[in-house]
Student: 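Just dropping this structure here.
Order of the sequence lines sets the chain letters (A, B, ...), proteins ahead of strands, with each chain counted from 1.
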4 protein chains.
Amino acid sequence: MAYKTPKEVQERKDEKKRQILITASRVFASRGYHNTAVKDIVDEAGISVGSFYFYFKNKEDLFETLYDEATSMILNSIRKVLNEGEEHFTNKICKVTVRSLFIFNEFKNLTRIMMIEAVGLNPNFEHKRVQSTRRFSDYMEQFFESLKREGHINFPDIAIASTAYIGTIYNVIMRWLQESNENSLTEYAYPLIVYNLQALNLDFSEDEVRKNIRDALVQSGEMKWGVHNGAEKVE
Amino acid sequence: MAYKTPKEVQERKDEKKRQILITASRVFASRGYHNTAVKDIVDEAGISVGSFYFYFKNKEDLFETLYDEATSMILNSIRKVLNEGEEHFTNKICKVTVRSLFIFNEFKNLTRIMMIEAVGLNPNFEHKRVQSTRRFSDYMEQFFESLKREGHINFPDIAIASTAYIGTIYNVIMRWLQESNENSLTEYAYPLIVYNLQALNLDFSEDEVRKNIRDALVQSGEMKWGVHNGAEKVE
Amino acid sequence: MAYKTPKEVQERKDEKKRQILITASRVFASRGYHNTAVKDIVDEAGISVGSFYFYFKNKEDLFETLYDEATSMILNSIRKVLNEGEEHFTNKICKVTVRSLFIFNEFKNLTRIMMIEAVGLNPNFEHKRVQSTRRFSDYMEQFFESLKREGHINFPDIAIASTAYIGTIYNVIMRWLQESNENSLTEYAYPLIVYNLQALNLDFSEDEVRKNIRDALVQSGEMKWGVHNGAEKVE
Amino acid sequence: MAYKTPKEVQERKDEKKRQILITASRVFASRGYHNTAVKDIVDEAGISVGSFYFYFKNKEDLFETLYDEATSMILNSIRKVLNEGEEHFTNKICKVTVRSLFIFNEFKNLTRIMMIEAVGLNPNFEHKRVQSTRRFSDYMEQFFESLKREGHINFPDIAIASTAYIGTIYNVIMRWLQESNENSLTEYAYPLIVYNLQALNLDFSEDEVRKNIRDALVQSGEMKWGVHNGAEKVE
DNA sequence: TATGAATGAGCATTCATTCAT
DNA sequence: GATGAATGAATGCTCATTCAT
């Protein structure tokens with residue numbers, strides 16, 4: 001009587017849901033949220049409307065899933081770098097910058113969704129977006145705060161410092177998203193890090209920074225990014 | 001029958017158009033572009049739909065007009081500061097920062113429209129937005145480039161420097177837009193300027209910066225902001 | 001500046017709304033609520049979907065309007081008969097029966113909507129229907145109660161008496177609705193009245209009842225029925 | 001492998017079908033036909049959609065089965081009373097009324113389905129409903145007709161008399177369905193019977209009627225109601 | 001100029017039913 | 001027999017835009 005869903009079936013379901021997500025991230029990134037009809041996604045994904053609604057509550061649910069994946073991926077990455085180990089704080093700043101750029105570069109569609117398509121979607125979602133953006137700020141703020149307590153930096157307003165720092169990364173990404181060529185976002189790591197290290201009045205040597213960047217890139221390449229491991233990046 | 005001179009007629013037309021713009025900026029800022037129906041605006045403005053389409057080609061035309069006003073106001077302000085006079089470049093950076101913050105603060109609705117509602121609207125508008133954003137970058141880039149040529153700064157990548165600089169301002173404004181209290185945006189001028197001056201490795205004295213900020217604020221308050229003069233700021 | 005909507009325009013609007021109601025009552029009566037798409041109504045009425053939603057909030061709003069017209073027409077008629085004048089109570093019962101049958105007969109589509117299509121529509125509407133049905137019962141109950149107080153009738157349970165009385169009318173109408181021929185509903189007035197007068201143990205003479213029916217019919221024919229006067233019955 | 005005899009298999013099928021019916025009657029009664037999705041029923045019943053379609057042709061088939069059970073239960077009951085034995089016709093009227101009320105009371109969900117949810121479902125079903133309703137009328141009409149032939153009653157229009165009689169019962173049930181308290185429907189038997197006996201101008205003594213009601217109730221309690229025997233009433 | 005009634009393409013979502021496993 | 005993933009037709013409703021008055 002009790003029917004146990006075979007593991008295999010569950011796997012196929014997960015795979016299909018993933019396929020929809022992958023397709024949707026592509027379509028949303030190129031056409032925008034409001035310009036994308038559910039029909040567009042299901043046609044592109046080769047499934048029926050009914051199937052779509054079997055896997056997602058509605059259009060916004062799908063979008064939210066993508067948005068959440070993007071933000072949690074970045075947030076986890078930052079958290080890991082900042083919390084882990086005994087590394088020197090300058091190295092941490094290098095690493096956190098590089099690793100973020102690496103992820104944004106890898107998941108360009110998700111980045112576009114997170115940074116452009118999700119903005120000003122509608123009042124409800126805007127609230128969610130503000131909350132999640134806030135989490136990034138808070139993380140950096142706590143980190144900078146600890147640096148200040150330990151006397152490493154001496155900046156008049158830590159909240160503004162972290163906000164400014166994130167702003168620099170944000171805007172470099174925006175510029176990259178708008179470039180037509182296929183540069184890697186990580187190429188901007190060096191000047192970006194220098195800009196912020198100087199801004200915080202932290203000592204550093206060029207060589208050391210460059211070495212850190214190289215190391216961080218290698219590490220990043222070797223990592224598994226949450227559900228998006230290997231070939232199945234949602235792109 | 002009262003007979004109007006063409007000039008009077010034209011003035012009344014302009015006045016009505018202005019009223020629509022003022023109302024629209026309020027409505028768009030609070031409800032968002034997609035969540036705002038033309039009906040919402042005309043109801044709020046106390047006019048008819050037909051009238052609306054007499055003054056504007058369509059909904060997007062209205063939005064573009066608002067967006068253009070916002071960007072040109074800021075762009076003009078920056079242009080003026082950077083081009084004018086023999087002032088010391090540190091002062092110019094102070095001034096350009098303060099004056100931008102001042103304008104954004106004064107026209108909060110337009111700011112919101114420009115920074116949130118205009119983002120990811122649709123592919124067409126996104127193209128326009130990228131173009132206009134680019135103009136800001138180019139301006140700062142040229143300025144920084146000239147500083148580099150003159151040997152005042154020595155930064156590995158000027159394009160990234162200007163992008164980062166604009167990013168810091170952008171993100172501070174975003175934070176301010178999301179704050180519930182009614183702080184003036186200009187209160188963040190000092191740390192913001194310090195962050196960027198240090199980032200560019202420019203010498204400065206705290207007192208001088210503070211004085212510059214005060215002066216710039218006074219000057220800003222005395223200026224006429226484009227079409228938005230006096231009491232009729234589009235707010 | 002202030003534009004006064006011409007009376008003529010308002011009249012045309014009212015007329016159009018009325019036309020939609022008339023068409024809708026026909027369509028709902030023949031196809032049923034759930035089987036009728038908004039498209040069906042607007043096609044039949046020769047208008048556009050947009051127009052429909054200009055005049056009515058939604059499909060249910062339209063249906064409610066029809067339902068309310070039907071119930072208020074009947075309720076007003078009953079109220080008028082029971083409250084008016086010094087007539088003998090037997091006459092009143094004759095009159096209230098005849099006049100109700102007359103109206104139901106005149107507005108067959110509305111009757112069908114009220115008695116069949118509105119039943120079990122959905123939980124919300126069901127609540128409304130129960131309330132409005134209750135009003136009929138209460139009216140008759142009060143009337144019967146007053147007759148009891150004055151010693152004219154002596155029945156064990158007035159609430160059940162009024163419920164039963166209304167039930168007899170209801171079921172005769174249902175039978176008539178299902179008949180294929182085109183009998184007038186009022187032909188059933190005589191036996192129906194006799195059934196109920198006897199049930200209440202009221203004395204009456206056949207001739208008098210017949211005369212009352214004739215009079216009531218004449219009066220009914222001369223009356224204006226709310227908004228539905230003359231040729232524009234919603235049929 | 002346990003080997004089942006065909007009979008055991010059949011019994012298990014019947015049992016499952018019955019469970020679905022019981023659940024469905026509850027769900028339809030509380031949510032209404034159109035507001036109930038097949039999914040709602042199968043979820044509540046703890047089975048799969050596929051199973052559902054194994055036991056029933058479709059949603060309407062299920063509903064029809066419930067409707068048919070309800071009507072045939074009542075019809076059989078009436079038939080039995082009217083046809084059986086040499087009882088006095090007044091007693092028969094008492095009994096038929098009481099027993100009907102008893103059944104409606106016992107199977108409240110089915111009653112609700114039959115009297116509310118089944119009304120105005122769709123043109124097809126409406127046709128079926130009219131047919132089955134008609135059968136009740138015809139039964140009573142034949143009975144009244146025979147009474148008239150035998151000179152026991154003298155009413156101008158027997159068809160209307162039976163229609164009216166059924167209407168009184170119908171409307172009392174409707175009132176009871178809408179009451180929030182948990183009165184037994186059979187409490188209304190006495191006034192209802194009196195109303196109709198008087199309407200038909202039949203002599204009766206209060207005591208005799210009361211006795212008949214008591215007897216009929218006892219008998220009803222001892223009966224088996226069609227397929228719904230014992231503890232498994234479809235409720 | 002001003003008005004607002006009229007238009008209809010467009011879209012998100014539901015749900016009864018099927019059928020491969 | 002049982003399951004539930006897959007289907008897609010059907011539908012209510014919105015809203016930018018037009019145009020006769």
Student: Residues in salt bridge (Lys or Arg N to Asp or Glu O under 4.0 Å) with C:Asp68, at least two apart?
Tutor: C:Lys128
Student: In whole angstroms, how far is the C1' atom of F:dT11 from the CG atom of C:Asn122?
Tutor: 16 Å
Student: Name the residue closer to the 5' end of DNA chain F, choosing between C:Val49 and B:Val49 according to the nucleotide with the nearest heavy atom.
Tutor: C:Val49
Student: Is any side-chain N of the basic residue among C:Glu15 and C:Arg18 closer than 4.0 Å to the acidic one's carboxylate O?
Tutor: no
Student: In residues 29-47 of chain C, which residues come under 4.0 Å of DNA chain F by heavy atom?
Tutor: C:Thr36, C:Ala37, C:Val38
Student: Over how many whole Å does the gap from C:Glu11 atom CD to F:dT21 atom P extend?
Tutor: 17 Å
Student: Applying salt bridge (Lys or Arg N to Asp or Glu O under 4.0 Å), can you list everything that pairs with A:Asp61, at least two apart in sequence or on another chain?
Tutor: none
Student: Separation of B:Glu64 atom CD from F:dA16 atom P, in whole Å?
Tutor: 16 Å
Student: Quick one: the dot-bracket string of DNA chain E, using Watson-Crick and G-U wobble pairs with both distances under 3.5 Å, [ ] for crossing pairs and | for bases paired to another strand.
Tutor: .||||||||||||||||||||
Student: For A:His127, enumerate each residue passing the ring pair (Phe, Tyr, Trp, His ring centres under 6.0 Å) test, keeping only those at least two apart in sequence or located in another chain.
Tutor: none
Student: Name all residues meeting the side-chain hydrogen bond (donor to acceptor under 3.5 Å, both in side chains) criterion together with D:Tyr67; count only those two or more places apart in sequence or in a different chain, and write none if there are none.
Tutor: D:Ser132
Student: Under 4.0 Å between a side-chain N or O of A:Lys13 and OP1 or OP2 of F:dA6?
Tutor: no
Student: Taking only residues two or more places apart in sequence or in another chain, which ones pass side-chain hydrogen bond (donor to acceptor under 3.5 Å, both in side chains) with A:Asp14?
Tutor: A:Gln10
Student: I need the full list of side chain to side chain donor-acceptor pair (under 3.5 Å) pairs touching residues 32-42 of chain A, with sequence neighbours left out, sorted by first then second residue.
Tutor: A:Lys39-A:Asp43
Student: List in numerical order all residues of residues 50-63 of chain D for which some heavy atom is under 4.0 Å away from an atom belonging to DNA chain F.
Tutor: D:Gly50, D:Ser51, D:Phe54, D:Tyr55
Student: For A:Asp14 and F:dA5, what is the distance between atoms CG and P respectively, to the nearest whole Å?
Tutor: 11 Å
Student: Could you tell me whether the side chain of C:Ser51 and the main chain of C:Ile47 form a donor-acceptor pair under 3.5 Å?
Tutor: no
Student: Looking at residues at least two apart in the chain, or sitting in another chain, which of them share a side chain to side chain contact (heavy atoms under 4.5 Å, CB included) with C:Val38?
Tutor: C:Val42, C:Val49, C:Phe52, C:Tyr53, C:Lys59
Student: Quick one: side chains of residues 112-123 of chain B, donor-acceptor pairs under 3.5 Å with protein atoms, not counting sequence neighbours, listed by atom name and distance.
Tutor:
unit_1	atom_1	unit_2	atom_2	d
B:Arg112	NE	B:Ala29	O	3.0
B:Asn122	OD1	B:Asn124	N	3.0
B:Asn122	OD1	B:Phe125	N	2.8

Student: Tell me every residue that passes salt bridge (Lys or Arg N to Asp or Glu O under 4.0 Å) with A:Glu44, counting only those two or more places apart in sequence or in another chain.
Tutor: A:Arg26
Student: Round to the nearest Å and state the distance from C:Ile20 atom CD1 to E:dA6 atom C1'.
Tutor: 11 Å
Student: Could you tell me how far apart D:Arg12 (CZ) and F:dA2 (C1') are, to the nearest whole angstrom?
Tutor: 12 Å
